[in-house]
Every structure is written in structure tokens, then in C-alpha cells.
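It should be emphasised that the depicted structure is a prediction, and the values quoted were computed from it without experimental measurement. In what follows, every heavy atom counts, from backbone to side chain, and hydrogens, waters and symmetry copies are set aside. Numbers here simply count residues along the sequence, with the first being 1.
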Amino acid sequence: MNIGQAAAASGVSAKMIRYYESIALIPPGRRSDAGYRIYGENDLHALRFVKRGRSLGFSLDQIRDLLSLWQDKDRASADVKTIAMGHVAELNQRIAELTEMRDTLQTLASCCHGDHRPDCPILQSLAD
């Protein structure tokens with residue numbers, strides 16, 4: 001199948017497929033005699049794997065490592081779990097930071113009268 005068909009079948013845009021090839025995340029598609037990229041079922045599995053990994057927030061480097069482990073039938077599942085749990089720790093840190101930001105903004109917004117007066121604790125906090 002060509003790149004457009006692979007994009008449709010995998011849910012990854014043709015532009016992203018080209019990008020993933022350019023950074024060697026996935027191997028480049030074979031080429032037809034006319035120079036068009038040709039993709040098979042294994043390529044689609046890899047593209048779907050990447051798409052799912054991205055939807056879970058894994059970085060491209062983490063996905064590269066996971067792809068390598070996925071393709072290594074002699075891998076230790078502990079290696080996969082280590083990557084996943086590292087990502088969970090990163091997500092927990094981001095959640096804590098976002099929660100703190102939300103709470104701060106909520107407090108500032110509740111202190112703001114939101115009327116015609118120029119005094120605004122939100123702006124005062126940003127200026128401090």
C-alpha cells in the first residue's frame with residue numbers, strides 16, 4: 001500500500017510517517033520502481049504502536065525504546081515495565097504541577113471582583 005493508504009489504515013498522517021522515517025523511529029518504506037513508498041502489514045503494526053504510544057504520552061525516545069523491546073522476542077518484561085513506570089512518575093509530577101497551577105489560579109480568580117474596578121489580584125500576582 002502507498003503512504004496515503006498506510007496513513008488511513010494506521011491513523012498516522014502521511015506527514016508524520018515521513019517524519020518518523022526521517023528520525024529513524026520507523027524504518028523507511030520500501031520503494032516501488034517509480035520511487036513511491038510501499039508499506040506492508042508489519043509497517044502498519046509499527047505505526048499503530050507509535051500512535052498508541054503517543055496517545056499515552058510517551059516521548060519519541062521512550063517509544064523508540066519500547067519499539068525495540070517489542071521487536072525483541074528475548075526481552076525481559078522488566079525492561080518494559082521500567083519504562084512504563086518511569087513515564088507514570090513523570091505523569092504524576094506533571095499532574096501535581098498542573099493541580100498546583102489550577103489551585104493558585106482558582107484562588108486568585110476568587111479574589112478578583114471581576115467588575116469595573118482596576119484592582120486585580122491576578123495581575124498583581126503575575127507582576128510580583
Side-chain angles (χ1 to χ4, degrees):
M1 70 183 65
N2 66 32
I3 195 167
Q5 293 165 325
S10 67
V12 177
S13 72
K15 182 177 180 178
M16 289 308 295
I17 292 172
R18 287 187 203 94
Y19 175 68
Y20 293 154
E21 289 177 358
S22 76
I23 62 169
L25 183 63
I26 60 170
R30 295 182 323 266
R31 296 287 181 154
S32 69
D33 292 337
Y36 293 105
R37 290 174 170 91
I38 301 172
Y39 299 92
E41 282 302 314
N42 287 339
D43 300 311
L44 291 179
H45 287 297
L47 288 168
R48 289 181 188 122
F49 185 100
V50 171
K51 180 179 171 63
R52 179 68 174 141
R54 293 300 285 161
S55 74
L56 291 172
F58 284 105
S59 70
L60 291 176
D61 286 336
Q62 290 169 322
I63 291 173
R64 185 183 316 279
D65 292 341
L66 290 168
L67 268 171
S68 177
L69 290 167
W70 180 51
Q71 294 163 346
D72 178 5
K73 301 304 178 198
D74 295 325
R75 70 184 170 267
S77 64
D79 296 336
V80 179
K81 185 174 182 174
T82 297
I83 294 170
M85 294 310 296
H87 185 53
V88 168
E90 292 168 7
L91 289 172
N92 283 333
Q93 178 62 38
R94 286 175 40 200
I95 289 167
E97 291 167 358
L98 288 169
T99 300
E100 183 178 338
M101 283 189 275
R102 183 205 58 210
D103 293 348
T104 299
L105 286 170
Q106 187 68 46
T107 299
L108 290 171
S110 68
C111 293
C112 180
H113 295 290
D115 57 16
H116 65 281
R117 291 182 278 186
D119 296 336
C120 180
I122 300 167
L123 293 177
Q124 289 171 340
S125 175
L126 292 172
D128 288 343

Ser22 side, atom OG; Met16 side, atom CE - distance, nearest 0.5 Å:
9.0 Å
Stepwise side chain to side chain contact (heavy atoms under 4.5 Å, CB included) check, Thr99 with Arg102
CA-CA 5 Å; Thr99 300; Arg102 183 205 58 210; 3.6 Å; yes
Under 3.5 Å, is there a donor-acceptor pair between the side chain of Ser110 and the main chain of Thr107?
yes
Looking only at heavy atoms, the pair that brings Ile63 and Gly53 closest together is CD1-C, 3.7 Å
Which atom of Ile26 lies closest to which atom of Ala46, heavy atoms considered:
CG2-CB, 4.5 Å
Taking ring-ring contact (aromatic ring centres under 6.0 Å, His included) as the definition, give me every residue that meets it alongside Phe49, ordered by chain and number, with sequence neighbours left out.
Trp70
Ser68 side chain to Arg64 main-chain N or O, any donor-acceptor pair under 3.5 Å?
no
Measure the CG-CD distance between Leu44 and Glu41 for me, rounded to the nearest 0.5 Å.
5.0 Å
Taking only residues at least two apart or on different chains, which pairs with a member in residues 106-128 satisfy ring-ring contact (aromatic ring centres under 6.0 Å, His included)?
none
Donor-acceptor pair, side chain of Gln62 and main chain of Ser59, under 3.5 angstrom:
yes
Can you list the steps and then say if Val12 with Val50 is a side chain to side chain contact (heavy atoms under 4.5 Å, CB included)?
CA-CA 9 Å; Val12 177; Val50 171; 5.8 Å; no
Tyr20 meets the ring-ring contact (aromatic ring centres under 6.0 Å, His included) criterion, sequence neighbours left out, with none
Shortest non-hydrogen contact from Leu91 toward Leu56:
CD1-O, 4.5 Å
Is Asp119 salt-bridged to Arg117, cutoff N-O under 4.0 Å?
no
Asp33 atom CG: more than 12 heavy-atom contacts under 6.0 Å:
no
If you count the non-hydrogen atoms of other residues, nucleotides and ligands that lie under 6.0 Å from CZ in Arg52, is the total more than 12?
no
Atom pair OH (Tyr39) and CZ (Arg30), whose distance is rounded to the nearest 0.5 Å
10.0 Å
Flag yes if Phe58 and Ile23 sit in one hydrophobic cluster, no otherwise; membership is Ile, Leu, Val, Met, Phe, Trp, Tyr, and two members link when side-chain heavy atoms are under 4.5 Å apart.
yes
What's the shortest heavy-atom distance between Leu47 and Ser10, and which atoms?
CB-CB, 3.7 Å
Side chain to side chain contact (heavy atoms under 4.5 Å, CB included) between Asp43 and Met1: does it pass, once the steps are laid out?
CA-CA 10 Å; Asp43 300 311; Met1 70 183 65; over 6 Å; no
Tightest non-hydrogen contact, residues Ser13 and Ala7, listed as C-CB, 4.0 Å
Donor-acceptor contact present, side-chain Arg75 to main-chain Leu69, <3.5 Å:
yes
Rounded to the nearest 0.5 Å, what separation is found between the CG atom of Asn92 and the CD atom of Glu97?
11.0 Å
Kindly compute the distance separating CG (Leu67) from NE2 (His45), expressed to the nearest 0.5 Å.
13.0 Å
Please report the interatomic distance OH(Tyr36) to CD1(Ile3), rounded to the nearest 0.5 Å.
12.5 Å
List the steps and the verdict of side chain to side chain contact (heavy atoms under 4.5 Å, CB included) for Leu60 and Arg54.
CA-CA 8 Å; Leu60 291 176; Arg54 293 300 285 161; 3.8 Å; yes
